[in-house]
Amino acid sequence: MAADTAADRVVAGLVTAWTHADGNAFGAQFWPDARFVNILGGVYEGRGTIAQQHADIFATIYKGTRLKIAVVHTRALGRDHLIVETQNMLAGVTSVPPGMTMGPGGTFPTRFALVLERRAGEWRILFAQNTVVAPQPPARR
């Protein structure tokens, strides 16, 4: 499977899981020994913990939200590892974590840095970091 195809498939799985507010389906995109760093810097170890954390936010702060993810860059690190960078837009947000700023119309932009690993022909996430995209200061002249 080509790098772009693998990245697109994993990202599609994340979006589908989010659309259905399904923490287990979200977690299924990760290897059992994966790590996930959320936008607040919280670290979640293992597929089950990642799945539960997402089930919790689907039922609370991000209930009813919609997620779009676009792959903007992939880079192969050997035959079995990929770095994937995405741009994400969460819509329908009614509140954000403390210290964060909501965008226009209840949007919340973030980026993923993902490390995908292939095991026995299957690509899944080994490591993920979600970073909020803060408003940028005006360019200096």
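Throughout, residue positions are numbered sequentially from 1 according to the sequence presented.
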Applying side-chain contact (heavy atoms from CB on, under 4.5 Å), name anything that partners [X], two or more places apart in sequence or on another chain.
X	answer
A17	A25, F26
A51	N24
I83	L77

Under a side-chain separation threshold of 4.5 Å, the hydrophobic residues clustered together with V43 are V37, V115, F127

Quick one: hydrophobic cluster around W31, which other residues, with the 4.5 Å side-chain cut-off, linked directly or via members? L126

Any residue meeting side-chain hydrogen bond (donor to acceptor under 3.5 Å, both in side chains) with D80, in chain and number order, not counting sequence neighbours: R118

Output all residues satisfying side-chain hydrogen bond (donor to acceptor under 3.5 Å, both in side chains) with H81, sequence neighbours left out; order by chain, then residue number. E117

Looking at every heavy atom in both [X] and [Y], which two are closest together, and how far apart are they?
X	Y	answer
M89	P109	CE-CB, 3.7 Å
L14	I69	CB-CD1, 4.1 Å
A7	V84	CB-CG2, 3.8 Å

Show me the pairs that pass side-chain hydrogen bond (donor to acceptor under 3.5 Å, both in side chains) and involve residues 85-97, at least two apart or across chains. E85-R111, T86-N88, N88-T110

Once side-chain hydrogen bond (donor to acceptor under 3.5 Å, both in side chains) is applied, what residue pairs with a partner in residues 61-70 remain, sequence neighbours excluded? W18-T65

Considering only residues two or more places apart or on different chains, which pairs with a residue in [range] satisfy salt bridge (charged side-chain N to carboxylate O under 4.0 Å, His left out)?
range	value
residues 93-102	none
residues 31-42	D33-R119, R35-E45
residues 17-29	none

Flag side-chain contact, heavy atom, 4.5 Å: F30 against R124: no

Check: W123 and R9 side chains under 4.5 Å, non-hydrogen atoms: yes

Any donor-acceptor pair under 3.5 Å linking the side chain of T107 with the backbone of P104? yes

State the CG-CG distance between L114 and L82, to the nearest 0.5 angstrom. 10.0 Å

Gap between atom CG of N130 and atom CZ of F112 - 0.5 Å precision: 4.5 Å

If you apply the rule ring-ring contact (aromatic ring centres under 6.0 Å, His included), what do you find for F36 with H54, and how did you get there? CA-CA 11 Å; F36 181 90; H54 281 83; 5.1 Å; yes

Do V72 and L90 sit in the same hydrophobic cluster, where Ile, Leu, Val, Met, Phe, Trp and Tyr count as joined when their side-chain heavy atoms come under 4.5 Å apart? no

Going only through I, L, V, M, F, W and Y residues with side-chain contacts under 4.5 Å, is there a path from V133 to L40? no

